[in-house]
Each structure stands twice: as C-alpha cells, then as structure tokens.
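In what follows, a structure is listed as structure tokens, so that the remarks can point back to it.
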Protein chains: 2
Amino acid sequence: MAMSREQIMSTAIQHLNENPLASMAQLAEAAGISRATLHRQFSSREELMLALGRRAHEQWEQVQERSGVVDATASGDPEVIGKALDAMLAGLIEVADAYGFGLTDYAMLVNPELKRRSDELEEREIAFYAAAQQAGVLRADLPARWISNTVYGLLVAVRESLRRGDVARRDVPRLLLTTYLHGAARREES
Amino acid sequence: MAMSREQIMSTAIQHLNENPLASMAQLAEAAGISRATLHRQFSSREELMLALGRRAHEQWEQVQERSGVVDATASGDPEVIGKALDAMLAGLIEVADAYGFGLTDYAMLVNPELKRRSDELEEREIAFYAAAQQAGVLRADLPARWISNTVYGLLVAVRESLRRGDVARRDVPRLLLTTYLHGAARREES
DNA sequence: ACCGTATGAGACATTCATGTCTCATACGGT
DNA sequence: ACCGTATGAGACATGAATGTCTCATACGGT
C-alpha cells in the first residue's frame, strides 16, 4: 500500500481546508492516488467525510480528557477549573486548526452521527462552563450556552487568522486565551 | 409581478440560512414561483448569489456609515470611538443574523468581486480598531487584524446562538458587547 | 372584451460528480 | 523467478443540478 487510510485522510483534510468543495477526484489527486484506489478505501464520499468527522471528534474528546474537563467540573475547585480551561482551549486550537473546514461544513454538521457526538461533547463543555461560573472563574451573568458558542466562534476566528496569515501560530494560544477571558477593551483599572 | 426581485432574494436568503446547499429549484419553491420565473430574474445561480452578496455588503457598508466608523477613526476621540464601536457591533448583529449563511459560505467568500468588497470594508474596520487602540478604548497588545477576526468569529457565534435558540434575540447585543469587550472571565476587581 | 405581458408546467440538452467495473501492470514477498 | 495482491487508467451508468426553450394560460390595464 503506497498510501495508508490514515495518510489519505490527512491529505484529504489538508485539501478540504483549502477548498471545502473539492471533489473525490481532486482529493484522490491530492493524495497521489487514483479515484479507484480512493474508492477502495472509502466506498463513498459520505464515508470519507464520516471518517474525517469521527477522527475530528475523537481528537476533540481527547482534548477534553487530557485537559481534565470532567474532573474539574466535578471538583468545583477554581484553581483546577482554571487550569483545565487553559488546557482545553489550547487543545481546541490544535483541533480547530487541523480540521478547520469541519467547523463550518454543512454536510459535516448535519450528519446524524456526528451531530450526536458533537452534542455530547458540547454538553460536557457547557456543564464545565457552568461549573466554572459556579466556582467564580467565569462570569455568572452570561448563559453557559452563549459561552460555549463564543468559544466556537473564536475557534473560527483562529482558523481564519491562521489561514490568512494574520497572526503567528505561536501567538494564537495567548491571543485566544486573553481575548476570551478578558476581552478586547482596555482595562480601566489594572 | 407576483414576486419582486427583492422578495425573491429575501425568501432565498431565509431558505439558504436553513439549508446552504439548497438548489435553485428549492429556492424557487421557497419563493412560491417556478424555476422558469426564477431564471428570468436571475439568469444563473451565480448571479443570484452575487446579488445576495452585494446586498449583504451594502448593508454592512451602511452599518459602518451609520455608526460613523470613519469619522470616529479620524477623530481619535475615545468617547466618539466608543459610541461608534457599540453602534457598529449592534448593526453587524443584524446583518450577520439576516445573511447568516454568507458568513461561512465558501462560494460567497471566493467570488472575486465580493472578496474585494469585503476586503475594503474589513480594512476600514481594521483602521478603526487601530484608532480605538490608539485612543485607549481597545487593548493595544492585540493585533488589529486579530481583533477584526475576533469580531467575525463572534458574529458566527451569534448566528449559531440564534439559530439554535440558545439565547433570546433581545439579549444578543448586550451579550456580544460585554463578551467582546470584557471577556468571559469573572473580574477580579469590579 | 381585448391584448400584451408575465407566469407555470414541463420537456430537453448539458454538465459534473459519483460509484462501479474491467483489465493490464507493477510491486512485494516467498 | 513466480504468484498473489494492490494499483492505475479508463470506460461506463447513474443521478442531480443547471440553464434553455416552448406553449398554454392567467392576469392586468385599456
């Protein structure tokens, strides 16, 4: 096998990030294989997209796990929650950058299985944000779901910033963190 | 004429906001007209999309004008800039809500004419943000382009919040403003 | 009532992506 | 060197969306 399933998925994602409307023929070409071989690995476009979506969700889930979101939610400890929040956002940047097109791809968002999985992961995050509010880490006067959507939107902003070359990759975590937590306004006090 | 060009465009946008992949046949049906009539008004799908994109950009431009962004940029007065910022964000919410799908529609973002126009409008906003930083309204330690992309991302968040019914429409301006300016973290001082 | 115009229904050709299949060949392991 | 397997090239059928065209009809103004 010249190209493993994994390798094909990698090149497909890269190419889809540049052109979300890429055809199977273009994705095959991007992977350096023929249409026939691509179809031997993924029997349909939908299957390929589903595989990409699953991998993205796995990584999203791993970010939640590695940053200890669930434990932090249960702990209620501001210190623990704060650290988990930082770690989660840093991890989400990686995933959003790697799977950028999936953030706003309609076919992806509409797939029943993927929708179910993202709903689950989102609910965990929302519970986490609510705990963060309870613990005094996040403002309590914002709906937790709004906070969740805000993070989503900022990840879209990250994707665009990187795609357009507006900010350096190494600056992104700091920019996202500080903007998300403290806003864009100049602090009166300080 | 049962349906004016404007009316067709309105129903088309509504329908595209629900299903960005809607076909011309579906858009015609949504407008209550036949495919033939739709094609008499817009000779191709591309022409329809271009018309929608133009209208969205016109409204975006009007928001900039009505909120006095350019004058505020030139003035350098923190007071004036602050008011213009509030007004602009409130206006952008309306546009983003109305033309939601266009925020992330690839075909729309890729059209040369529309890309040119949005680049122009963005540059004005970036200049405005830079002036806001100069005037001490916005933090000076963030790249103006990052701030601009942040606003874009938050508008996507607004669209999603409204589409999913996570927040009440009347709460959106306040939520966006306060999140954007002050962030999601609980303020230490107060 | 009449006439010009806009409309709807539908047929039609075209294009494009998709998925299937065949066959020759190149490659890898034994 | 041989054989089994994976691959590439390409033909093929299919389906969907698009854009064009025709023709009958309904509507509106005079």
Side-chain angles (χ1 to χ4, degrees), chain A residues 1-56 99-102 104-114, chain B residues 1-55 99 101-102 104-114:
Chain A
M1 253 190 279
M3 276 263 157
S4 75
R5 212 176 143 94
E6 283 297 313
Q7 284 174 301
I8 295 173
M9 288 171 67
S10 288
T11 58
I13 285 182
Q14 282 178 251
H15 205 258
L16 285 167
N17 281 337
E18 289 170 20
N19 173 18
L21 305 180
S23 68
M24 289 293 273
Q26 291 172 310
L27 296 181
E29 190 188 350
I33 60 177
S34 69
R35 279 184 60 218
T37 301
L38 177 55
H39 271 92
R40 283 182 192 110
Q41 294 285 351
F42 301 95
S43 66
S44 71
R45 181 191 184 84
E46 196 186 339
E47 190 187 313
L48 170 59
M49 292 301 171
L50 187 57
L52 295 181
R54 281 185 181 137
R55 214 170 68 161
Y99 297 87
F101 88 96
T104 53
D105 185 85
Y106 185 71
M108 198 125 283
L109 302 176
V110 134
N111 176 290
E113 176 190 330
L114 298 180
Chain B
M1 255 189 278
M3 276 264 157
S4 74
R5 212 176 142 93
E6 284 295 314
Q7 286 173 300
I8 295 174
M9 289 171 67
S10 288
T11 59
I13 284 182
Q14 283 178 252
H15 205 258
L16 286 168
N17 281 336
E18 290 171 19
N19 174 17
L21 306 180
S23 68
M24 289 293 272
Q26 289 172 312
L27 296 180
E29 190 188 350
I33 61 176
S34 69
R35 281 183 59 217
T37 302
L38 177 55
H39 271 92
R40 283 184 192 107
Q41 294 285 349
F42 301 93
S43 66
S44 71
R45 182 191 183 84
E46 195 185 341
E47 190 187 313
L48 171 59
M49 293 302 173
L50 186 57
L52 296 181
R54 282 186 180 138
R55 214 169 67 162
Y99 297 87
F101 87 97
T104 52
D105 186 84
Y106 185 72
M108 198 124 285
L109 301 176
V110 132
N111 176 290
E113 177 189 330
L114 298 180

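Here is how names work: the chains are called A, B, and so on, in the same order as the sequence lines, proteins then strands, and each is numbered from 1.
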Fill in the blank from the handout: Per atom distances to the B/Ser23 side chain, the nearest of C/dG8, D/dT7, D/dT18 is D/dT18

Fill in the blank from the handout: Separation of D/dA17 atom P from A/Leu21 atom CG, nearest Å, is 15 Å

Handout entry: Interatomic distance, A/His39 NE2 vs C/dT22 P [rounded to whole Å]
Key = 16 Å

Completion exercise
Taken to the nearest whole Å, CG/A/Leu27 to C1'/C/dG19 is 15 Å

Problem - Integer-rounded Å distance: C/dT20 P and A/Leu38 CG - result: 12 Å

Problem - Closest approach of A/Arg45 to A/Pro20 (non-hydrogen atoms, all atoms of both residues) - result: NH2-O, 4.2 Å

Completion exercise
All heavy atoms of B/Ala12 vs all of B/Leu52, minimum pair found to be CB-CD1, 4.5 Å

Practice task
Please determine if a side-chain N or O atom of A/Ser34 lies less than 4.0 Å away from the OP1 or OP2 oxygen of D/dT7.
Solution key: no

Exercise for the section: To the nearest Å, give me how far apart CD (B/Glu29) and C1' (C/dG8) are. Expected result: 14 Å

Fill in the blank from the handout: Among the nucleotides C/dT20, D/dT7, D/dG19, whichever has the atom closest to the side chain of A/Thr37 is D/dT7

Handout entry: Near-strand residues of residues 43-50 of chain A, defined as heavy-atom separation under 4.0 angstrom from DNA chain C
Key = A/Ser43, A/Ser44, A/Arg45

Problem - Stems formed with participation of DNA chain D [Watson-Crick or G-U wobble, under 3.5 Å, three or more pairs] - result: C:1-30 with D:1-30

Problem - Closest contact, heavy atoms only, B/Phe42 versus B/Glu47 - result: CA-OE2, 3.8 Å

Handout entry: Polar pair under 3.5 Å, donor/acceptor by atom type, side chain B/Arg40, base C/dG8
Key = yes

Practice task
Take atom CZ of B/Arg5 and atom P of C/dA6, then tell me their distance rounded to the nearest Å.
Solution key: 15 Å

Practice task
Output the single nucleotide from D/dT22, C/dG19, D/dT18 whose closest atom is nearest the side chain of B/Arg35.
Solution key: D/dT18

Handout entry: Heavy-atom check, side chain of A/Arg55 versus side chain of A/Ser10, under 4.5 Å
Key = yes

Handout entry: Whole-Å distance separating the CD1 atom of B/Ile33 from the P atom of C/dA9
Key = 11 Å

Handout entry: Check: B/Arg5 side chain, B/Gln41 main-chain N or O, donor-acceptor pair, under 3.5 Å
Key = yes

Practice task
Without swapping roles, check the side chain of B/His39 against the backbone of B/Arg35 for a donor-acceptor pair under 3.5 Å.
Solution key: yes

Fill in the blank from the handout: Shortest non-hydrogen pair, B/Asn17 vs B/Tyr99, comes out as OD1-C, 3.9 Å

Fill in the blank from the handout: Against the side chain of B/Met24, the closest entry in C/dG10, D/dG19, C/dT18 is D/dG19

Practice task
Taking the side chain as every heavy atom from C-beta outward, state whether B/Thr104 and A/Tyr106 have any atom pair closer than 4.5 Å.
Solution key: no

Practice task
Mind running side chain to side chain contact (heavy atoms under 4.5 Å, CB included) on A/Asn111 and A/Met49 for me, showing each step along the way?
Solution key: CA-CA 9 Å; A/Asn111 176 290; A/Met49 292 301 171; over 6 Å; no

